[in-house]
Amino acid sequence: MEASLWIVALGAAVAGFVQGLSGFAFGMVAMSFWAWGLDTRTAAVLTVFGALTGQMIAGLSMRRAVRLSGLLPLLAGGLAGIPLGVAILPYLDARLFKLGVGTMLAVWCPIMLLSRHLPTLAPSPRAAVAADAAVGLAGGVMGGLGGFTGVVPALWYSLRPLDKDGRRAAIQTFNLVTLGATMAAYTASGTVTAEMLPLFAVVAPSMLLPILLGGRVYIGISEADFRRIVLALLTASGIAMLAAALPSVLPPSAS
């Protein structure tokens with residue numbers, strides 16, 4: 001148990017710094033630590049709790065950049081997707097989930113990262129509404145499965161014509177709303193148990209200073225550097241997921 005607490009604290013601290021820097025990615029970074037020592041359900045609940053706590057702290061600095069009316073399709077899709085993710089969670093094969101998401105991130109994000117000129121997507125207003133709703137739905141489902149609300153929106157907004165503050169504000173607002181709804185759904189469905197409460201008391205203080213430090217570092221980086229950091233974090237998270245999943249899905253080697 002003591003070793004598990006150290007894993008929880010270390011994962012929360014590293015993920016808190018990354019969330020403070022990028023505005024998202026708490027779940028992916030924390031899960032790369034917690035997947036080794038916690039069961040899937042506990043790791044999912046702690047991820048949502050930690051990410052939500054981080055968004056409540058870091059989101060205060062971005063409140064002026066938020067344009068809620070432009071995010072309504074994204075938020076509506078996210079809220080619609082959360083119940084689906086929560087319903088799937090008890091039946092989820094965590095290995096295949098990590099393998100699929102890890103493969104997507106580890107292949108697609110480096111391509112975007114190494115491209116000299118990333119494409120900028122500026123769809124028509126009607127197409128943008130439909131795309132935002134679809135992206136939100138995917139983010140909501142992944143949030144219900146374990147707090148990965150920011151993965152798909154981060155990829156989507158890295159291709160939209162926004163500055164770094166606008167991009168970060170959109171992702172953080174989506175995460176704050178959907179993570180709050182996910183935590184409420186976890187509580188209502190009985191996914192959150194009394195045995196998890198002491199772990200909450202480890203996660204929250206472990207991430208407090210790192211997330212504030214990450215927010216300070218964010219202020220000094222350029223827009224291009226911010227985009228590269230986001231893609232690099234997604235790539236690293238994909239590789240970490242693959243590393244956790246592959247040993248359990250590959251056949252044992254003959255001795």
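Every value quoted in this text rests on a predicted model; they were computed, and no experiment measured them.
Atoms CD1 and OG1, on Ile239 and Thr103 in that order, are 11.0 Å from each other to the nearest 0.5 Å. Atoms CG and CD1, from Leu38 and Ile7 in turn, are 7.0 Å apart once rounded to the nearest 0.5 Å. Here Trp6 contributes atom CH2 and Leu10 contributes atom CG; the two are 9.0 Å apart, rounded to the nearest 0.5 Å. Rounding to the nearest 0.5 Å gives a distance of 8.5 Å between CD1 of Ile57 and CD of Gln19. In this structure, OG1 in Thr173 is found 7.5 Å from CG in Leu75, a value given to the nearest 0.5 Å. Of the inter-residue distances, the one linking Ile171 atom CD1 with Leu71 atom CG reads 10.5 Å to the nearest 0.5 angstrom.
Cluster membership for Leu84 and Ile82, using ILVMFWY side-chain heavy atoms within less than 4.5 angstrom, is shared. Hydrophobic clustering, with ILVMFWY side chains joined whenever heavy atoms are under 4.5 angstrom apart, groups Leu79 together with Phe174.
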Report task. Determine, stepwise, if the pair Thr182 / Tyr186 fulfils side chain to side chain contact (heavy atoms under 4.5 Å, CB included). Result -> CA-CA 6 Å; Thr182 302; Tyr186 277 0; 3.9 Å; yes
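In terms of heavy-atom proximity, Asn175 sits nearest to Thr149 at OD1-OG1, 2.7 Å. When all heavy atoms of Gly180 and Leu52 are compared, the closest pair comes out as N-CD1, 3.7 Å. Taking both residues in full, the closest heavy atoms of Ser189 and Val86 are given as OG-CG1, 4.1 Å, listed atom of the first, atom of the second, then distance.
For the pair Trp156 (side chain) and Asp132 (backbone), a donor-acceptor distance under 3.5 Å is absent.
Take Tyr157 and apply the ring pair (Phe, Tyr, Trp, His ring centres under 6.0 Å) test, not counting sequence neighbours, and it matches no residue.
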Enumerate, atom names and distances included, each donor-acceptor pair closer than 3.5 Å involving a side-chain atom of residues 192-217, sequence neighbours excluded.
from, atom 1, to, atom 2, distance (Å)
Thr193, OG1, Glu195, OE1, 3.3
Ser206, OG, Val202, O, 2.6

Would you tabulate the side-chain donor-acceptor contacts of residues 133-141 under 3.5 Å, counting partners in other chains and residues two or more places apart, or write 'none'?
none

